[in-house]
Structures are given as C-alpha cells and as structure tokens.
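What follows is a short report on a single structure.
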Amino acid sequence: MRKLCVIGDPVEHSLSPLIQNAMIEAAGLDFIYDARRVAGSDTAPWLAQAKNEGYAGFNATMPHKETLVRLMDELSADAAQFRSVNTVCIRNGRTYGYNTDGDGVLQALREADMDPEGRCVLVLGAGGAAKAVVTKLVEAGARNVAVANRTVERARQLCSQVDALRLTACDFSRETLCCYASKSQLVVNCTSLGMTGARGQFEDLSFLEELKSGAGVFDLIYSPARTRLLERAGELGHKTANGLGMLIWQAIFALEHFADTELDGVAMAAVARKALEERL
C-alpha cells in the first residue's frame, strides 16, 4: 500500500485520517492514510523524509501551508494564487502542490443550496481561508463581495489581490455589518469566532436580522456543529451550514490528486459523512 498522511502541529485532532481511509476503502484504492505531527520548523526536513519513505503524498494543515509553497517543484494555479498548499503529491521524486480549500468551500456551498452565482455576499474575516473563499466566490459569479475585517487594511489588501472591481473592504462594526448584510443574500464566516477551543465570540449578531429573506449563512467552523452565528441565523429562518461540507469536499479533491483519477464525489461525500457520524 502507498502511504499518505496529514501533517500539522498539533494534528492529533485531525479528522482527515478517518475521512480519507473511509473513502480509500470505498473506492478500492491502494493507499493507507495516517497523521504525522511535524513542527513548523521541520517542513523542509519532513518533505525530504516523505520522499525517502516512499510517501505518495500528504495533506498539510497549520503551520505548514504557506511554507510548502516555496518548497514545491510545481504549483497548481490555486496554490500559487492563494500562496498556500494543503495537498502535496510526490511523483518520481518531484513534488506537486495543490490547494483544494477553495473548490471545497464552493462545492459545499452548492451542496447546501447556497450557490453564490449572482448573489451579493458578506465575508467575515480576511485571513488565508478568506482569500480562498473570496477568490472562488468571484470565479463562481458572485455579483459583489464585501470583505469585513477588524483591520480594514488587511481586507483592502485581500480585495486588491483578487478582484478590486467586485470586492469591497469594510470594517467589523455593528453599523457596517448591518449595512452590508441588508444588501446580501449570503454570509460566509471565515473567522475563528465561536470555534471550539478558540478565544473570542461574536459580540453582536444583530446584523443577521438585516439579511434578506431566504439568505444563507455558511460558517467554515465545524466544531461546534452549531456556532452561535448559525444558531441565531437559524432562529431567524435563514438557511445554515457549517464547515463540515468544506472539510469533506476538500478531502475528496485531495484524494483525486493523490489517485490521479476522478472519483464519484457524491458517493465519496456520503461515505465520509457516514464515517463521521459513526465516530462523532
């Protein structure tokens, strides 16, 4: 069996081995997938070790995604644009870096009946995850995307790097969020506010009351399954979805790179969800 894994620090909490091994078995692929704790300072040594140990590839989480960019022999268009690698394939001693996060969130949005095409979208946060999300929203035909961040300059930088014509940078004040929410049919949270084990919570969710009827609220967080953001959005009658779908779909796209073949994504997603339901 060819070896795969996810690297990170910490990595013990990762659901990737559970998801990937379930899909690998269902698809009849010749892989075994585990988790390896690799310190942030050891990204380059790990890459050499992975080659020597015959790994077919690996996924990467924090703190390795940005460091891997400069270590790859080749980068996919998304990995180069996001300056972030979450999937590495090793073929004949060469390394190929991909980023499946953007496609993962876009597919998860469509699966949750929140297709961004033609919609005005409010994105909360301007970090690495937000860049992938915003890029894919624009590519998918979102009419306008407002990027709200406590540090407005960071939001401006993100907008200038992606598509300044269809993106608007704004602050995180109640008044501003209410203003842009009133124009939006979709909200995507790319911050860590509300995440299990993370500091911080939304201080005021009243902006959700300004959303148009039938709007969608998507939270990249999947632990807890229902953040305060999603709970309040649900109470107001909006469609809601957490980040579990993104986690599953980015894993499916990563496995397609590892196997160098197209998989039945819907079937693989069902397998992954069943495995998660049995564990969680």
Side-chain angles (χ1 to χ4, degrees), residues 1-26 29 31-69 71 79 82 84-90 95 97-101 104-105 108 125 127-129 132 189-201 219-227 242-255 257-258 268-269 271-280:
M1 283 191 174
R2 293 178 291 170
K3 294 187 290 186
L4 299 169
C5 71
V6 57
I7 65 168
D9 187 17
V11 77
E12 293 78 13
H13 66 288
S14 176
L15 295 173
S16 292
L18 175 66
I19 293 172
Q20 290 287 8
N21 283 317
M23 295 194 301
I24 286 166
E25 181 179 358
L29 298 173
F31 292 120
I32 186 69
Y33 192 108
D34 64 3
R36 298 287 296 266
R37 185 167 189 168
V38 177
S41 58
D42 291 336
T43 313
W46 158 255
L47 193 57
Q49 181 181 344
K51 291 180 180 180
N52 291 335
E53 294 185 7
Y55 273 81
F58 56 90
N59 289 121
T61 185
M62 295 297 291
H64 302 288
K65 289 184 175 185
E66 294 181 0
T67 305
L68 282 166
V69 171
L71 299 175
F82 304 159
S84 173
V85 168
N86 78 333
T87 301
V88 176
C89 293
I90 303 173
T95 53
Y98 304 90
N99 189 301
T100 64
D101 288 333
V105 72
N189 178 37
C190 299
T191 76
S192 61
L193 294 174
M195 181 186 295
T196 299
R199 294 182 181 179
Q201 184 58 264
D219 199 331
L220 266 61
I221 295 168
Y222 59 84
S223 178
R226 296 283 290 178
T227 58
N242 66 19
L244 197 60
M246 176 188 174
L247 178 70
I248 290 171
W249 280 103
Q250 64 82 25
I252 292 169
F253 296 137
L255 186 56
H257 287 305
F258 294 140
M268 290 296 99
V271 167
R273 289 188 185 280
K274 182 179 179 182
L276 289 166
E277 288 170 2
E278 292 175 352
R279 171 72 66 85
L280 301 178

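Just so it is clear, the model here is predicted, and its values are computed rather than measured. Atoms considered below: every heavy atom in the structure, side chains included; atoms not considered: hydrogens, waters and symmetry mates.
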Practice task
For the residue pair Arg36 and Lys3, establish whether any side-chain heavy-atom pair is separated by less than 4.5 Å.
Solution key: no
Handout entry: Sidechain-backbone polar pair: Gln20 side chain, Pro17 backbone, donor-acceptor under 3.5 Å
Key = no
Which donor-acceptor pairs under 3.5 Å do the side chains of residues 193-201 make with protein atoms, sequence neighbours left out?
| unit_1 | atom_1 | unit_2 | atom_2 | d |
| --- | --- | --- | --- | --- |
| Thr196 | OG1 | Ser223 | O | 3.0 |
| Thr196 | OG1 | Ser223 | OG | 3.2 |

Handout entry: Any residue meeting ring-ring contact (aromatic ring centres under 6.0 Å, His included) with Phe82, in chain and number order, not counting sequence neighbours
Key = none
Exercise for the section: With sequence neighbours excluded, tell me which residues meet salt bridge (Lys or Arg N to Asp or Glu O under 4.0 Å) with Arg226. Expected result: none
Problem - Interatomic distance, Asp101 atom CG to Asn86 atom CG [nearest 0.5 angstrom] - result: 4.5 Å
Handout entry: pair Thr95-Ile90: side-chain heavy atoms closer than 4.5 Å
Key = yes
Fill in the blank from the handout: Closest non-hydrogen contact found for Val271 with Ala26 is CG2-CB, 3.8 Å
Problem - Closest non-hydrogen atom pair between Val85 and Ala79, with its separation - result: CG2-CB, 4.0 Å
Completion exercise
All heavy atoms of Asn59 vs all of Tyr33, minimum pair found to be OD1-OH, 2.6 Å
Practice task
Taking ring-ring contact (aromatic ring centres under 6.0 Å, His included) as the test, write out the residues that go with Phe253, two or more places apart.
Solution key: Trp249
Practice task
Heavy atoms only: give me the nearest Thr61-Gly8 pair and the separation to one decimal.
Solution key: CG2-CA, 3.7 Å
Practice task
Determine the minimum heavy-atom distance between Ala254 and Thr100, stating which atoms define it.
Solution key: N-CG2, 3.8 Å
Handout entry: Atom pair CG (Asp34) and OG (Ser16), whose distance is rounded to the nearest 0.5 Å
Key = 11.0 Å
Problem - Pairwise distance CE(Met268) to CD1(Ile252) - rounded to 0.5 angstrom - result: 7.5 Å
Practice task
Ignoring hydrogens and angles, state whether a donor on the side chain of Thr227 or Asn242 is under 3.5 Å from an acceptor on the partner side chain.
Solution key: no
Practice task
Kindly indicate whether the side chain of Val38, heavy atoms from C-beta on, has any atom under 4.5 Å from the side chain of Thr43.
Solution key: no
Exercise for the section: Report yes if the side chains of Tyr222 and Leu15 come closer than 4.5 Å at any heavy-atom pair, otherwise no. Expected result: yes
Exercise for the section: Could you list the residues that satisfy ring-ring contact (aromatic ring centres under 6.0 Å, His included) with Phe58, not counting sequence neighbours? Expected result: Trp46
Completion exercise
Value for OH (Tyr98) from CZ (Phe258), rounded to nearest 0.5 Å, stands at 10.0 Å
Handout entry: Side chains of Leu244 and Ile248 in contact at under 4.5 Å (non-hydrogen atoms)
Key = yes
Exercise for the section: Quick one: closest heavy-atom pair of Ala251 and Ile19, and the distance? Expected result: CB-CG2, 4.0 Å
Practice task
Kindly write out the residues that satisfy salt bridge (Lys or Arg N to Asp or Glu O under 4.0 Å) with Arg2, not counting sequence neighbours, or none if the list is empty.
Solution key: none
Practice task
Examine distances only and state if a side-chain atom of Asp9 and a backbone atom of Arg37 form a donor-acceptor pair shorter than 3.5 Å.
Solution key: no
Problem - Separation of Met62 CE from Thr67 OG1 (nearest 0.5 Å) - result: 9.0 Å
Exercise for the section: Taking atom NZ of Lys51 as the centre, report whether more than 12 heavy atoms of other residues, nucleotides or ligands fall under 6.0 Å from it. Expected result: yes
Practice task
Find the distance between CE (Met1) and CG (Leu29) and round it off to the nearest 0.5 Å.
Solution key: 10.0 Å
